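Quick caveat, the model's predicted, so the values are computed rather than measured. Order of the sequence lines fixes the chain letters, A, B, ..., with proteins taken first and strands second; residue numbering starts at 1 for each chain.
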Number of protein chains: 2
Amino acid sequence: MRRDVFQAIADPTRREIIDLLARNPQNLNSIADNFTISRPAISKQIKILTQCGLVIVTRQGREHYCSANLKKFNEVAAWIEQYRVFWNNKLDALGDFLEKEAEVDKRSPMK
Amino acid sequence: MRRDVFQAIADPTRREIIDLLARNPQNLNSIADNFTISRPAISKQIKILTQCGLVIVTRQGREHYCSANLKKFNEVAAWIEQYRVFWNNKLDALGDFLEKEAEVDKRSPMK
DNA sequence: CCTATGTATAACCATTCGGTTACGCAAATT
DNA sequence: AATTTGCGTAACCGAATGGTTATACATAGG
């Protein structure tokens with residue numbers, strides 16, 4: 001079973017879960033409150049997210065506290081960033097050009 | 001049928017095709033030479049990539065010339081970059097919040 | 001004109017995905 | 001002790017995914 005970050009963020013529900021957890025960690029029921037799908041469905045998505053390391057679950061009594069482990073995005077960011085040079089002039093993935101980059105950002109590359 | 005960039009890059013074969021096309025545009029047979037799977041399989045993946053705008057195909061006679069349209073990565077990059085503040089001190093994607101960001105990091109939600 | 005080339009597409013297949021309902025279990029509450 | 005709460009998991013389901021082989025078709029070259 002392929003379980004990598006690229007595949008994990010392919011599903012919009014999982015991206016929404018990440019969004020929620022990045023803002024504030026919470027248990028499974030709190031997460032499920034934000035969706036119309038069933039709690040077991042959320043549980044499955046959380047499982048996928050933990051299997052690829054994007055979410056970390058710590059048990060506190062009977063509650064399973066979920067938090068986002070966003071460092072895992074490095075893998076995706078690195079892959080995407082290597083192509084940024086092809087669609088604008090930024091080279092921010094290399095981390096050496098922060099000053100130059102600030103100026104580049106002024107003429108925002110977003111469509 | 002959901003057809004977005006997030007889902008398109010979830011498959012490793014499609015990422016590899018993007019890699020090839022970013023380096024140099026080429027027709028379908030040239031792409032297929034790099035894989036063990038059949039040509040129709042590649043054709044299907046190309047179709048998915050074109051449907052979400054990541055690849056652009058122009059016909060030249062009987063050859064279908066494929067090139068990567070990497071601007072489409074903006075969507076993914078923007079989503080990922082909003083979280084960068086949570087895993088390191090750079091805010092290179094937004095560029096406007098360097099000071100605020102330093103404070104936010106203090107009460108980092110990361111475990 | 002005939003053949004070879006480059007590609008798309010249809011039909012099919014096994015597997016995975018994303019959801020459901022039903023059930024079980026441990027921890028908290030009463 | 002009994003009940004409620006929070007959660008996981010099993011069994012199931014329809015649809016999507018990612019591959020295959022066979023076929024068709026337009027274009028290029030002999």
Chemist: Between CZ of Phe86(A) and NZ of Lys71(B), what distance do you get to the nearest 0.5 Å?
Modeler: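 Output value for this atom pair is 14.0 Å.
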
Chemist: Does Gln45(A) make a side-chain N or O approach to OP1 or OP2 of dG19(C) shorter than 4.0 Å?
Modeler: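 Result: yes.
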
Chemist: Taking only the side-chain nitrogens and oxygens of Lys47(A), find out if one of them lies under 4.0 Å from OP1 or OP2 of dC7(D).
Modeler: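 For dC7(D), OP1/OP2 do not have a side-chain N/O of Lys47(A) under 4.0 Å.
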
Chemist: So what does the secondary structure string of DNA chain C come out as, 5' to 3', with Watson-Crick or wobble pairs under 3.5 angstrom, [ ] for crossing and | for pairs with another strand?
Modeler: ||||||||||||||||||||||||||||||

Chemist: As a test of reading the structure: which of dG18(C), dT7(C), dT9(D) is closest to the side chain of Arg14(A), going by heavy atoms?
Modeler: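 Nearest to the side-chain atoms of Arg14(A), counting from C-beta on, is dG18(C).
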
Chemist: For DNA chain D, determine which residues of residues 25-40 of chain B have any heavy atom closer than 4.0 angstrom to one of its atoms, and list them numerically.
Modeler: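 Within this stretch, Ile37(B), Ser38(B), Pro40(B) sit under 4.0 Å of the strand.
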
Chemist: Counting distance alone, no hydrogens or angles: does the base of dG8(D) have a donor or acceptor under 3.5 Å from a partner atom on the side chain of Lys44(A)?
Modeler: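 Answer is no: no donor-acceptor pair is held.
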
Chemist: Quick check: is Val85(A) connected to Ile9(B) through a chain of hydrophobic side chains (ILVMFWY, heavy atoms under 4.5 Å apart)?
Modeler: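 Cluster IDs for Ile9(B) and Val85(A) match.
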
Chemist: Report the distance from atom CG of Asp11(A) to atom C1' of dT17(D), rounded to the nearest whole Å.
Modeler: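 It works out to 14 Å between those atoms.
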
Chemist: Run the side chain to side chain contact (heavy atoms under 4.5 Å, CB included) test against Arg59(B) and tell me which residues pass, sequence neighbours left out.
Modeler: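 By the side chain to side chain contact (heavy atoms under 4.5 Å, CB included) rule, Arg59(B) matches His64(B).
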
Chemist: Just jot down the side chain to side chain contact (heavy atoms under 4.5 Å, CB included) partners of Asp33(A), sequence neighbours excluded, or say none.
Modeler: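 Listed in chain order: nothing, the list is empty.
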
Chemist: dT17(D) C1' sits how many Å from Arg15(B) CZ, rounded?
Modeler: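 Distance check: Arg15(B) CZ to dT17(D) C1' gives 15 Å.
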
Chemist: If you assign each of Thr13(A) and Val57(B) to its closest nucleotide in DNA chain C, which residue comes earlier from the 5' end?
Modeler: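 Looking at DNA chain C, the more 5' nearest nucleotide goes with Val57(B).
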
Chemist: Closest to the Glu63(B) side chain: dT9(D), dG18(C), dT7(C)?
Modeler: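 From the listed options, dT7(C) comes nearest.
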
Chemist: What's the CD1-C1' distance between Ile46(A) and dG6(D), to the nearest Å?
Modeler: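 These atoms are roughly 13 Å apart.
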
Chemist: Look up atom CZ in Phe73(B) and atom CD1 in Ile80(A), then write down how far apart they are to the nearest 0.5 Å.
Modeler: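 Reported to 0.5 Å precision, the distance equals 4.5 Å.
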
Chemist: What residues, two or more places apart in sequence or in another chain, satisfy side chain to side chain contact (heavy atoms under 4.5 Å, CB included) together with Glu63(B)?
Modeler: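 Scan of Glu63(B) (side chain to side chain contact (heavy atoms under 4.5 Å, CB included), adjacent residues dropped) gives Asn27(B).
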
Chemist: Under 4.0 Å from OP1 or OP2 of dG8(D): is there any side-chain N or O of Ser43(A) that close?
Modeler: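 For dG8(D), OP1/OP2 do have a side-chain N/O of Ser43(A) under 4.0 Å.
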
Chemist: Let me know the distance between NE2 of His64(A) and P of dA26(C), rounded to the nearest Å.
Modeler: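 Taking NE2 of His64(A) and P of dA26(C), I get 12 Å after rounding.
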
Chemist: Can you measure Leu49(B) atom CG to dT7(C) atom C1' for me and round it to whole angstrom units?
Modeler: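 Distance check: Leu49(B) CG to dT7(C) C1' gives 16 Å.
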
Chemist: Taking atom types as they are modelled, is there a donor-acceptor pair under 3.5 Å from the base of dT5(D) to the side chain of Arg62(A)?
Modeler: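 Looking at the base of dT5(D), it does pair with a donor or acceptor on the side chain of Arg62(A) (distance under 3.5 Å).
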
Chemist: Just list the side-chain donor-acceptor pairs under 3.5 Å for residues 36-49 of chain B, sequence neighbours left out, or say none.
Modeler:
residue	atom	partner	partner atom	Å
Ser38(B)	OG	Ala41(B)	N	3.4
Gln45(B)	OE1	Arg14(B)	NH1	2.8

Chemist: For the atom pair CD1 (Ile31(B)) and CD1 (Ile17(B)), what is the distance rounded to the nearest 0.5 Å?
Modeler: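 Those atoms lie 6.0 Å apart.
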
Chemist: What nucleotide among dG19(D), dC17(C), dT9(D) has an atom nearest to a side-chain atom of Gln7(A)?
Modeler: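 Selected nucleotide: dC17(C).
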
Chemist: For Gln51(B) and dA16(D), give me the distance from atom CD to atom P, rounded to whole Å.
Modeler: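 That distance rounds to 13 Å.
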
Chemist: Check the hydrophobic clustering (I, L, V, M, F, W, Y; side-chain heavy atoms under 4.5 Å; chains of links allowed) and say if Phe35(A) and Ile18(A) are grouped together.
Modeler: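 Same hydrophobic cluster.
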
Chemist: Which comes earlier along DNA chain C counting from the 5' end, the contact point of Ile48(A) or that of Arg59(A), where each point is its nearest nucleotide?
Modeler: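 Closer to the 5' end of DNA chain C: Ile48(A).
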
Chemist: Can you tell me how far P of dG6(D) sits from CD1 of Ile42(A), to the nearest Å?
Modeler: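 Nearest whole value for this atom pair: 16 Å.
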
Chemist: Figure out the CZ/C1' separation between Phe6(B) and dA16(D), and round it to whole Å.
Modeler: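 Whole-Å distance recorded here is 20 Å.
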
Chemist: What distance do Lys72(A) atom NZ and Leu70(A) atom CG have between them, rounded to the nearest 0.5 Å?
Modeler: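 Reported to 0.5 Å precision, the distance equals 12.0 Å.
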
